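Each chain gets a letter, A, B and so on, in the order the sequences are listed, and its residues count up from 1. Only a predicted model underlies this, so the values are computations on that prediction, with no experimental measurement involved. Just so it is clear, the values below take in all heavy atoms, side chains as well, and ignore hydrogens, waters and symmetry mates.
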Number of protein chains: 2
Amino acid sequence: MAISDLSTRGVDALFDRVPKATLRAHIVERLRHAILAGDIPPGAPLVETALSERFDVSRGPLREALRQLIEEGLVVTVPYTGTRVAELSVDDIHEIYSLRTVLETFAFEQVWPRRDDRFRAELKRRNEALIATIDAGDDRASILTELEFHGLVYEASGHKLLQRAWHGLRGRLQLYWAAHHRAHGRRGPKRDSHDSYIKAAFGQDFEAMKAEIADHMRRGMETTETFLRSMPDSSGKPKRGVKS
Amino acid sequence: MAISDLSTRGVDALFDRVPKATLRAHIVERLRHAILAGDIPPGAPLVETALSERFDVSRGPLREALRQLIEEGLVVTVPYTGTRVAELSVDDIHEIYSLRTVLETFAFEQVWPRRDDRFRAELKRRNEALIATIDAGDDRASILTELEFHGLVYEASGHKLLQRAWHGLRGRLQLYWAAHHRAHGRRGPKRDSHDSYIKAAFGQDFEAMKAEIADHMRRGMETTETFLRSMPDSSGKPKRGVKS
DNA sequence: GGATCGTCGATTGTCAACAATGTGTCATAG
DNA sequence: CTATGACACATTGTTGACAATCGACGATCC
């Protein structure tokens with residue numbers, strides 16, 4: 001799996017100018033990383049010329065990369081006027097978590113009959129990876145490991161459309177979690193936050209699993225919402241902040 | 001709506017160069033229409049130079065339009081090799097309908113407490129519009145009216161992310177329905193196909209509504225799957241067929 | 001002094017030419 | 001006749017320049 005490959009090499013090990021496949025894909029990666037890491041905060045303007053210079057590419061591939069990030073919900077644009085990193089809002093949080101509850105429940109429903117030993121072992125492995133990042137105090141990495149933990153269910157479902165939907169949610173979630181991390185230092189996921197989740201996943205009662213998912217999501221949403229409401233004003237109008 | 005506008009004036013009655021908003025958006029509209037109407041069948045190659053000439057734009061906006069259609073699942077591409085209209089497959093049908101069942105159930109769950117008279121009236125209105133197109137024998141239009149009928153629930157949910165997910169499903173559904181229509185002349189939706197659906201939607205029993213949705217989807221999926229399996233070979237390799 | 005209109009700068013939208021890559025063909029050797 | 005290799009063609013990827021549009025600032029008029 002290329003995913004675990006990425007997580008081991010760390011978040012900012014950047015290949016500078018080694019076009020592996022297509023240029024646009026690389027820009028998407030790097031821009032997404034810069035946004036999700038908070039290097040370019042929500043609301044910050046994304047000027048095409050500045051970005052094309054920063055990434056050392058022309059505006060063509062860069063524009064296409066921006067379009068993709070728009071599709072992912074990380075970036076918003078208004079024609080002839082400008083492009084910015086998406087802003088945060090409580091309404092979005094409600095939408096993200098409510099839809100995520102539905103999708104993750106559905107994903108588990110698909111996976112339920114096929115929970116073999118490999119699935120169980122991998123779920124445990126990813127939980128231990130999550131705990132490791134928490135113990136290490138690496139909050140930024142713990143965001144990724146937590147997403148990978150939950151991502152397993154979608155991958156195991158074998159449902160491509162569902163995985164696609166999860167991908168769209170995943171980016172948005174990361175945007176909020178990263179902002180939380182940036183504001184409070186620690187986002188504060190507990191070591192045992194997934195214990196009951198795993199227990200239910202290994203059990204035989206699917207209804208219990210559904211309840212556990214709903215509960216897990218409710219807690220996550222409340223945490224995120226509380227954080228966002230504590231923000232002074234995330235809908236302010238930051239002027240500049242792209243260059244470097 | 002500009003869509004009905006486009007459908008009435010036909011595919012090649014082109015406004016010659018009246019940029020209303022942004023060029024890319026227009027190309028997306030026209031390309032999507034051409035694909036969903038079957039003018040460019042599944043598997044047909046989409047050559048950028050040919051399309052840019054056909055639509056009288058340069059390759060820049062055209063490429064961006066293609067990217068968007070890729071996101072929507074109507075088009076597939078492989079780097080440096082080519083772009084084609086997405087092919088049809090039974091696996092996709094299962095994914096589309098299973099996910100759609102989940103999403104539409106969720107949408108109804110959101111709408112359930114707010115089913116006021118306006119909602120009921122609009123649902124009836126759209127059903128009558130669907131019946132009108134069926135009676136008129138306009139199968140192509142009945143695809144649109146049926147999608148609009150089901151679309152109401154998503155719109156009424158007020159859930160932007162959910163609407164976005166529906167949008168992605170909608171295009172794919174249309175792709176299959178249009179192929180069905182093209183192959184069999186009539187796709188054959190019955191006049192009363194939504195009677196029980198509406199009855200459940202107006203009732204008080206949400207569990208009954210869930211069952212009705214599941215049943216409706218199951219029937220739709222079976223119809224679509226049966227059609228696709230009756231196709232000689234939809235995974236063949238058509239050579240050319242873009243120009244004109 | 002306040003409002004309105006025009007102008008200027010900044011930013012995105014669009015275009016046509018050039019480079020990189022992949023695929024199929026055709027000649028050639030075994 | 002088959003396999004193999006090089007070559008040419010078709011197609012996408014990338015680039016830099018040019019055009020259209022928007023927002024803000026400042027001058028001007030009431």
- prompt: Hey, does the side chain of A:T22 come within less than 4.0 Å of D:dT14's phosphate (OP1/OP2), counting only N and O?
  reply: yes
Would you confirm whether [X], through its side chain, and [Y], through its main-chain N or O, come within 3.5 Å as a donor-acceptor pair?
X      : Y      : result
B:E95  : A:L161 : yes
A:T81  : A:P79  : yes
B:Y176 : B:S89  : yes

Pairwise 5' ranking along DNA chain D for A:P79 and A:S58, keeping only the more 5' one: A:S58
- prompt: For A:G82, which contact category applies under a 4.0 Å heavy-atom criterion: base, sugar-phosphate, or nothing?
  reply: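 It contacts sugar-phosphate atoms only.
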Excluding sequence neighbours, so at least two apart, what forms salt bridge (charged side-chain N to carboxylate O under 4.0 Å, His left out) with [X]?
X      : result
A:E48  : A:R59, A:R63
B:R24  : B:E64
A:R182 : none
A:E122 : A:R125, A:R126

message: Closer than 4.0 angstrom, basic N to acidic O: yes or no for A:E71 and B:R164?
response: yes
message: Looking at B:E72 and B:R32, is any side-chain nitrogen of the basic one under 4.0 Å from a carboxylate oxygen of the acidic one?
response: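 Answer for the salt bridge query: yes.
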Whole angstrom is fine here: how far is it from [atom1] in [X] over to [atom2] in [N]?
X     : N      : atom1 : atom2 : value
A:L23 : C:dT21 : CG    : P     : 11 Å
B:L51 : D:dT11 : CG    : C1'   : 12 Å
A:E48 : D:dA20 : CD    : C1'   : 14 Å
A:F55 : D:dT15 : CZ    : P     : 14 Å
B:R63 : C:dG13 : CZ    : C1'   : 16 Å
A:L46 : C:dA10 : CG    : P     : 19 Å
A:E53 : D:dT15 : CD    : C1'   : 15 Å
B:E64 : C:dC15 : CD    : C1'   : 12 Å

Protein-nucleic acid N or O pairs under 3.5 Å, nucleotides 17-19 of chain C:
none

- request: With sequence neighbours left out, write down each residue that passes side-chain contact (heavy atoms from CB on, under 4.5 Å) with B:V111, or none if nothing qualifies.
  value: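 Only B:R115, B:F119, B:V153, B:A156, B:S157 meet the side-chain contact (heavy atoms from CB on, under 4.5 Å) criterion with B:V111.
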task: Could I get the full list of side-chain contact (heavy atoms from CB on, under 4.5 Å) partners for A:E109, not counting sequence neighbours?
output: A:F106, A:F206
- prompt: Where the side chain of A:T83 is concerned, which of D:dT11, C:dT12, C:dT14 is the nearest nucleotide?
  reply: C:dT12
message: Please identify which of these residues, B:T145, B:D138, B:D139, meets the side chain to side chain donor-acceptor pair (under 3.5 Å) condition with B:T133.
response: B:T145
Kindly give the atom pairs (protein nitrogen or oxygen, nucleotide nitrogen or oxygen) under 3.5 Å for nucleotides 23-26 of chain D.
none

- prompt: In degrees, rounded to 10°, what is the bend between the two ends of the helix from C:dG1-D:dC30 to C:dG30-D:dC1, using five pairs at each?
  reply: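 The value is 10°.
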task: Just jot down the side chain to side chain donor-acceptor pair (under 3.5 Å) partners of A:H150, sequence neighbours excluded, or say none.
output: A:R100, A:E104, A:H194, A:H216
field: For A:F227, all residues meeting ring-ring contact (aromatic ring centres under 6.0 Å, His included), sequence neighbours excluded
entry: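 Residues passing ring-ring contact (aromatic ring centres under 6.0 Å, His included) with A:F227: A:H180, A:H184.
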- request: May I ask you to list the residues of residues 65-72 of chain B, by number, that have any heavy atom positioned under 4.0 Å from an atom of DNA chain D?
  value: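 Within residues 65-72 of chain B, the residues near DNA chain D are B:R67.
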